[in-house]
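For reference, the structure discussed in these notes is given below.
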Amino acid sequence: MTVRALRRRAVSALMTGLVAGLCLLAVLPLLFILGDLVAKGASSIDWHFFTRSPAPAGESGGGVANAIAGTGVIVGLAGLIGLPVGIGAGIFLAEYGAGRLGFFVRFVADVMNGTPSIVVGIFAWTFIVKPVGHFSALAGAVALAVLMVPMIARTSEEMVRLVPHSLREAALALGYPRWRTSLRVVVRSALSGIVTGSLVAIARVAGETAPLLFTALGNLNFTTDVSQPMQTLSLQIYVYATGPFDEWHRLAWAAALVLMGLVLVLALFARWVTRERYGAR
Amino acid sequence: MTSATTESVAPPAPASLRRRNRGDPLYRGVVTALALALPLLLLVLVAELAVNARPAMRRFGWGFLTSSTWDPVAEVYGAAPMIFGTLVSSLLALVIAVPLALGVAIFLTEFAPRWTRKPVAFLVELLAAVPSVVYGLWGIFVLIPFLRTYAVPPLKAALGWTPLFQGVFYGNSMLAGGIILAIMIVPYIAAVSREVILAVPASQREAALGLGATRWEAVWSAVLPYGRPGIIGAVMLGLGRALGETMAVTMVIGNRHDIGLSVLQPGYTMAAAIANEFSEATTDLYLSALFEVGLILFVITVAVNALARLLVWRVARGAAIGSKAL
């Protein structure tokens, strides 16, 4: 073997090692973050943490019951608004999206997916907070819904597209009109995929903070009234992490652990719904 | 078929068919309307930003982009430090994230043992699932102390003579912001470039290997050049993310209206300014200035994203590449 060939092999081996090392380095922060969340957050989680609202500033004790409930209400409401629009748009893209309009909507969805979430927050502020005159959970939910729609539209489209053509043809041949074919056969077959996409989108917005800063605002008390300001886990973490008290920092880590756990459960559940059926790449 | 039999047998069928078929245009109309909601939303969003930014635009003109004075008391606003900070922190993030993300993409598509590919890809995707505010929390209490104790002293010792690493390191800084952003955008760049590399025809790779190339040479000289537009697109998608990222950056960058070359100094970004000041903007002009900041941020990210999409589509036409991560 010539020196040249040896050198080429050595370079190949070296670069293989380098990309493997880079890959390891990229995953490392995740392991550190998860580790730190458990190490610093787990000890603060007890029964009171889930059942009580925050104690007055500087005092110890108290929990994040208000924030957990608020996250549930705001994200749930966002899903109610965002899911139908997103899934409908996704069906349009898959079923009627071959033309120019489809291309345009697809492009707009992709561009919207990259819109900074804080800008969407401004949008919801001008549309709801400003005319109504006060901050509200509803405004926060609208902001999150706007973030969800393009995500869900694109994943739903992809899932509906994966349904084999033979299925559609069989239904049409049996005399089903197009709309029933689409709804009862095609969309139904793609349902688990659509559910997965929706869960992923919900998990994403559940951790959003920026669009809620001047819409849902935050609230120290427990409330489920969507016309009032409402706390979420993400807002609570922001306030506590940037605040001056050690007690707050402790609660911020615990709240972050809960939020991360919530997001992880949603993401894993989404994977479980589809399992190996779709997208086995 | 004679007309007589058609008339005698068929009448019920066309009637019921016609009745059922009324559902078709209705269904199509409904999903089309829902789809049109997206461009409509985008249009309203832009219009709203532009209308509300008008007063500030009129008052300050192009000077808004170049002035560094941001004084709510005197009602003078210039966004240069934030624009500078947004660009610098994002570029810093790219410098760190691109090698990492490409390492992930290349390793997972070309070299990793098959059984490790899915789990590792999943772990990288999980980085995208970590909420921004959790990154911020981790940045404040773990990353910044780490930088202060272990990373900045050697950096200063080695590179302290350059303008990039001068000044005292207090913690909240461009450097901290850039690193947090880098960790956050790695999964996006990695996921999209991985799919781009997977979309490169196997014949490219096989031809290179057949000519006697080593595996690395095949990747470097046959696979990556073919996927280049898509990979550039992936990097730009990451850039778009970094430009608009708000919470984590706000929590670690220091939020100071300064333009400085040193990455050890605190800075500001457009998103951070909106996050910090929007709800306390007391005057109309103040609010309008923040709307203009939002508009600038929006225009920059949309331009970067649109360009990125076009580049990615060139490699894999129309495919929803990266939709799992994005």
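Hydrogens, waters and symmetry mates are skipped; everything else that's a heavy atom, side chains included, is used. To find a chain, count down the sequence lines: A is the first, B the second, and so on, and within it residues start at 1.
Interface remark: A:T181 contributes no atoms to any contact with chain B (heavy atom separation under 4.5 Å). With a 4.5 angstrom heavy-atom cutoff, A:L101 touches chain B only via side-chain atoms. For chain B, the nearby part of A:L37 is the side chain; its heavy atoms alone come within less than 4.5 Å. Looking at A:F104, only its side chain comes within 4.5 Å of chain B, counting heavy atoms on both sides. Proximity to chain B involves both the backbone and the side chain of A:A20, based on heavy atoms less than 4.5 angstrom apart. In this structure, the portions of A:L30 lying under 4.5 Å from any heavy atom of chain B include both its backbone and its side chain. Residue contact with chain B, scored on non-hydrogen atoms closer than 4.5 Å, involves the backbone and the side chain of A:V85 alike. When heavy atoms are compared at a cutoff of 4.5 Å, A:W125 approaches chain B solely by way of its side chain, counted from C-beta outward.
Most heavy-atom pairs under 4.5 Å with chain A: of the set B:A308, B:P39, B:P99, B:G136, this distinction falls to B:P39. With chain B as the partner, the residue from A:T242, A:T16, A:L233 showing the most heavy-atom pairs under 4.5 Å is A:T16. Taking B:A182, B:A275, B:G240, B:S279 one by one and counting their heavy-atom pairs under 4.5 Å with chain A, the maximum is reached by B:A275.
The shortest distance between side-chain heavy atoms of B:L26 and A:W179 does not fall below 4.5 Å. A:L268 is listed as a side-chain neighbour of B:F122, based on a closest heavy-atom distance under 4.5 Å. Side-chain contact between B:F141 and A:D36 is absent, with no heavy-atom pair separated by less than 4.5 Å. With contacts defined as side-chain heavy-atom distances shorter than 4.5 Å, the pair B:V142/A:F32 does not qualify. Using a 4.5 Å heavy-atom threshold, the side chains of B:Y27 and A:R178 count as separate.
Ion pair B:E125/A:R271 flagged as a salt bridge, since at least one NZ, NE, NH1 or NH2 atom sits closer than 4.0 Å to an Asp/Glu carboxylate oxygen.
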